[in-house]
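Right, one structure below, let's go through it.
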There are 2 protein chains.
Amino acid sequence: MPRPKSSAKPSARDRIMQAASTLFYQEGTQNVGIDRIIAESGVAKMSLYNHFKSKDALIAAWLQQRDANWREWFQETVEKQATAPTERLLAMFDALEEWFSQPDFRGCAFINSSVELVDPEHPGYQVAIEHQQAIYDYILQLVKAAEIDDPDAVAEQLLLLLEGAIVVAMMRRNPAAAVQAKAAAEMLIRAA
Amino acid sequence: MPRPKSSAKPSARDRIMQAASTLFYQEGTQNVGIDRIIAESGVAKMSLYNHFKSKDALIAAWLQQRDANWREWFQETVEKQATAPTERLLAMFDALEEWFSQPDFRGCAFINSSVELVDPEHPGYQVAIEHQQAIYDYILQLVKAAEIDDPDAVAEQLLLLLEGAIVVAMMRRNPAAAVQAKAAAEMLIRAA
DNA sequence: ACAAATCTATACAGACTTGTCTATATAGTA
DNA sequence: TACTATATAGACAAGTCTGTATAGATTTGT
């Protein structure tokens, strides 16, 4: 009789991803070595290299998973708070504030990775670019639904406020940037 | 008869700072080793450790110098382009675009360093925070001179646009973000 | 010209890095 | 029960990193 999956020990791959996720986000991909990850996940080194062909591949896999998780969380948080497109655009910044307030918040993993992984050819770098593009696409979709003039320009401007708020909140370790970003967004949306 | 200073070989310290400056900015402090810096500057390793007590101290010295240089360049560029405070606020984003267009642009050294130097106690981290604060102070000064209502809020919002533009321009390797940041800033200033 | 400070070159310690290799153990399946 | 896939433990290679030690050369100020 097999143990039910709910109480089963997570697979080695899952434990690796779990450990890599917190360590990479918290301390940066370049400041965390393979040894830290296998120690934290309680996995043998060969298990890691059986599941991921290199550290760079693990970084890319982590970013891919985080991209999916983060965007799902973001969109759900926005969409459960408001239904009208204009309200949803503003709700984005409430979601940001909620994110910034988490004690382990350390900025955007994709901005951070694009800083650390200097090489644009790094597979993780590509994921970071696509992540930003996906956020832009989501904003653009909401802006169009709100029937705002010059949607591309407004979507870009809202993206700048969003990214700026992330950076400022990270450096100051203070979530208040989201409030001013929201105020600015409100102005821009009303004016348009 | 001493050689005129203009043709004199720069001091070891200057050559170290010069090499560290380009390497740290271009590839990140954590991706550049001491050996690269001494090779590039043509200096002996002991000379480096005579002038700087550690790599971390060199990083801090680099950031301090860059902070001074960058802010001087930024303010001069803004102030030679316009005299009225409102115009100067907008000229900030023209300066940004000029900066983003440089072929070796790789984002803000202070954002990048605050990502790489995880530890807030790192001397370089403090410099990064103070740099951002100094930019905020400069914006605030212009906003107040322009007699805009609620100057703290508006200055903060402009800071968010500025930082957001830097991040987006860096990741996309495209200076166009400055144009939209300027358009958004114009809206915010007019509305206030 | 002499003495003090600075710079160079190189070797080295000790720790850390990623990735490989080997050998053993533990599952699930036919 | 036997086979197969996966996991474990740990040693190891080959290279990197920062920082120190040593000894000789070169500038510099007086």
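All chains are named by letter (A, B, ...) in the order of the sequence lines, taking the proteins before the strands, and each is independently numbered beginning at 1.
- Computed from coordinates, the A/Asn50 CG to C/dC21 P distance equals 12 Å when rounded to whole Å.
- Note on ring orientation: taking the six-membered ring where Trp is involved, the planes of B/Phe110 and B/His131 are parallel (angle under 30°, cut-offs 30° and 60°).
- A/Phe52 places its CZ atom 15 Å from the P atom of C/dT18, with the value rounded to the nearest Å.
- The nearest whole Å value for the distance from the CG atom in A/Leu48 to the P atom in C/dG19 is 9 Å.
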TODO: Indicate for each nucleotide in nucleotides 15-21 of chain D, in 5' to 3' sequence, whether protein heavy atoms under 4.0 Å reach the base (B), only the sugar-phosphate (S), or nothing (-).
DONE: ---BBBB

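- Remark: A/Arg71 is not positioned above the aromatic ring of A/Tyr138, lacking an NZ or CZ atom under 6.0 angstrom from the ring centre and at most 45 degrees off the axis.
- Following rounding to the nearest Å, B/Ile16 (CD1) and C/dC7 (C1') show an atom-to-atom distance of 10 Å.
- Scanning residues 120-128 of chain B for heavy-atom distances under 4.0 Å to DNA chain C yields an empty list.
- Counting non-hydrogen atoms of other residues, nucleotides and ligands closer than 6.0 Å to CD of A/Glu147 gives a total of 12 or fewer.
- In this pair, B/Trp73 and B/Trp99 present their aromatic rings tilted. The plane angle is within the 30 to 60° band.
- Counting to the nearest Å, the P atom of C/dT18 and the CG atom of A/Leu58 are 11 Å from each other.
- Residue-environment remark: CG (B/Asp149) stays at or below the threshold of 12 foreign heavy atoms within 6.0 Å.
- Within the 3.5 Å criterion, the main-chain N or O of B/Leu63 finds no donor-acceptor partner in the side chain of B/Asp67.
- Listed by chain and residue number, B/Lys53, B/Ser54 satisfy the side-chain contact (heavy atoms from CB on, under 4.5 Å) test with B/Ala57 (two or more places apart in sequence, or in another chain).
- One finds no side-chain N or O of B/His51 lying less than 4.0 angstrom from the OP1 or OP2 phosphate oxygen of C/dT6.
- The aromatic rings of A/Phe100 and A/Phe105 sit tilted relative to each other, their planes meeting at an angle between 30° and 60°.
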